[in-house]
Amino acid sequence: MTISQPVILWFRNDLRLTDHAALLAATETGQPVLPVFILDDTSPGRWAMGGAARWWLHHSLAALQAALADRGCTLILRRGDSATVLAELVRSTRATDIFTGGSADPWARRLDQTVAEATDARFHRMRTRTLFHPDSIRTKTGGSYSVYTPFANACLALGGPKPPSPAPMEIRAADVAATERLDDWGLLPGKPDWAGGLRDTWTPGEAGAMERADAFLTHGLTGYAAGRDQPAGDGTSMLSPHLRFGEISAAQLWHLAHQRPNGKGREIFIRELLWREFCAHLLWHNPGLPEAPLKPEFAKMPWRDDKPALTAWQRGQTGVPIVDAGMRQLWRTGWMHNRVRMIVASFLIKHLMIPWQDGEAWFWDTLVDADLASNAGNWQWVAGCGADAAPYFRIFNPVLQGGKFDADGDYVRHFVPELAKLDAKYIHAPWVAPAHALTSAGVSLGKTYPHPIVDLAQGRARALEAYAKIRSVT
DNA sequence: TTCGAGTTGTC
DNA sequence: ACAACTCGA
């Protein structure tokens with residue numbers, strides 16, 4: 001080995017320079033660093049990145065490219081099977097080591113194994129995404145957690161993650177290897193261009209993430225406890241896609257939050273970070289989480305195969321206003337308010353009795369923040385087949401939820417404009433509105449806005465019956 | 001073994 | 001008030 005031989009820094013879902021353990025370790029070798037990103041659509045199988053996330057990826061990579069260029073480094077872009085690409089890169093650059101971040105995704109863990117075996121370089125997997133290593137949080141008997149609260153308490157008992165590390169002062173640039181052009185990757189939508197709403201909503205990249213975090217912690221943290229449940233407002237952090245792509249680390253957020261005054265808002269925000277952590281923990285210990293219910297009796301659930309209903313849900317045409325508003329927000333902005341995610345998920349699973357995996361797949365393709373662990377963990381949570389001891393009778397009523405969290409109907413008005421003129425009294429249940437209220441608002445059910453595709457009371461009763469049945473069988 | 005407790009609800 | 005189970009200590 002000569003000192004001019006490079007080490008490879010393989011960027012994955014950690015597209016930042018600050019608090020990046022693998023990048024830091026790579027620079028500390030003293031050898032030149034070759035930063036690489038590989039667009040790999042074969043290794044993930046059915047969990048290849050969805051359309052909305054690709055839009056984000058494009059812009060995040062552009063930001064990372066620019067940040068590295070400021071330090072005299074070129075980000076090498078390649079497409080293909082990661083193991084093949086890395087093996088070739090190691091050969092052609094004579095790299096001695098590969099540094100990369102870890103992931104709970106089963107396919108990524110398998111890939112790590114393959115890469116480690118397929119190249120001659122030493123392989124170093126570091127923790128860049130979670131606060132703690134999933135194996136370091138253990139029950140008293142050494143097992144993994146399956147319930148959130150004891151898991152969160154165990155994390156809190158550790159007193160928080162290590163302080164984040166700064167970006168490396170200097171990155172010794174390696175000789176540039178062959179690279180593809182980001183613009184050739186086709187990550188952005190062609191015609192039609194559906195990304196207008198995304199462009200208006202987001203600033204991908206490490207700088208955008210830090211800006212967003214700063215704005216939220218300065219203005220949003222104190223009102224977070226109540227504000228985060230109001231979908232018409234901007235009370236949530238909107239940090240999820242930045243976290244998804246690792247443009248900011250959970251440890252950075254933890255420490256930034258702790259620089260702010262203590263209070264209910266801060267406490268709840270920390271607990272939200274721990275939900276993300278919990279899902280990663282769940283997936284790490286249950287690799288089948290995205291596909292199969294954790295509670296095996298749910299395999300016997302009499303799910304309905306109802307393509308028209310699924311399509312109506314996806315398009316925001318169910319006739320249930322807050323559900324439709326949420327689904328349209330998702331389609332237009334690549335994101336949905338968390339409160340509304342629970343409502344639309346509960347509606348799909350319980351009122352329509354469509355398999356949670358169908359909703360999971362749709363979210364995967366349309367959310368800019370789609371994360372395998374969080375997506376699967378939360379869909380299972382709503383379905384009641386996951387880790388939480390969720391009572392099967394917890395079924396969100398979209399009308400009551402609307403009245404509670406979108407009382408004046410502004411959220412519905414914004415995303416379902418055909419109901420905009422409807423009185424707040426009726427906006428979450430136009431089917432009970434008197435004829436004159438509908439007419440004066442320009443609403444004609446079945447024409448300008450659909451009738452509900454399921455009767456809420458009947459849907460609820462049907463779900464309760466089915467849940468009771470599968471439970472009694474076991 | 002017992003016992004406390006559970007993000008997000010509904011009627 | 002309900003209805004009710006499982007986890008974790």
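Treat the numbers as computed from the prediction; the structure is a model and nothing was measured. Chain letters run A, B, ... following the sequence lines, proteins first and then strands; every chain starts at 1.
A salt bridge does not link R127(A) with D19(A): every distance from a Lys NZ or Arg NE/NH1/NH2 to an Asp or Glu carboxylate oxygen is 4.0 Å or more. A salt bridge links R339(A) with D229(A): the distance from a Lys NZ or Arg NE/NH1/NH2 to an Asp or Glu carboxylate oxygen falls below 4.0 Å. Classification of R199(A) and D193(A) as a salt-bridged pair holds, one side-chain N sitting under 4.0 Å from a carboxylate O. Look at R54(A) and D41(A) and you find a salt bridge, because one of the NZ, NE, NH1 or NH2 atoms lies within 4.0 Å of a carboxylate O, short of that distance. One finds a salt bridge joining R341(A) and D369(A) here, because a Lys/Arg side-chain nitrogen approaches an Asp/Glu carboxylate oxygen to under 4.0 Å.
For the pair W381(A) CH2 and dC7(C) P, the computed distance is 17 Å after rounding to whole Å. Atoms CD (E267(A)) and C1' (dT8(B)) sit 16 Å apart, rounded to a whole Å. Put simply, CG on N153(A) is 17 Å from P on dC7(C), counting in whole angstrom units. When the P atom of dG9(B) is taken as reference, atom CE of M342(A) falls 7 Å away, rounded to whole Å. Rounded to whole Å, atom C1' of dT8(B) lies 12 Å from atom NZ of K350(A). Q380(A) places its CD atom 18 Å from the C1' atom of dT8(B), with the value rounded to the nearest Å. For H285(A) and dC7(C), the NE2 to C1' distance is 16 Å, given to the nearest whole Å. Note: NZ (K140(A)) to P (dT1(B)) measures 21 Å, nearest angstrom.
Between N397(A) and dC11(B) there is a side-chain polar atom (N or O) within less than 4.0 angstrom of OP1 or OP2. At least one side-chain nitrogen or oxygen of R460(A) sits closer than 4.0 Å to the OP1 or OP2 atom of dC11(B). Of the side-chain N and O atoms in K295(A), none sit less than 4.0 angstrom from OP1 or OP2 of dT6(C). Y145(A) has a side-chain polar atom (N or O) that falls below the 4.0 Å cut-off from OP1 or OP2 of dA9(C). For the OP1/OP2 pair of dT8(B) and a distance below 4.0 Å, the side-chain nitrogens and oxygens of Q401(A) include no atom meeting the criterion. At the phosphate of dT6(C), neither OP1 nor OP2 sits under 4.0 Å from any side-chain N or O atom of S146(A).
Note on R228(A): a base of the nucleic acid sits closer than 4.0 angstrom, heavy atoms only. When heavy atoms are screened at a 4.0 angstrom cut-off, I268(A) is found touching no nucleic acid atom at all.
Nearest nucleotide to the L400(A) side chain, out of dC11(B), dG8(C), dT8(B): dC11(B).
Figure legend. dT8(B) is base-paired to no nucleotide; pairs are counted as Watson-Crick or G-U wobble with both atom distances under 3.5 Å. Pairing for dA3(C) is absent, with no Watson-Crick or G-U wobble pair whose two atom distances lie under 3.5 Å.
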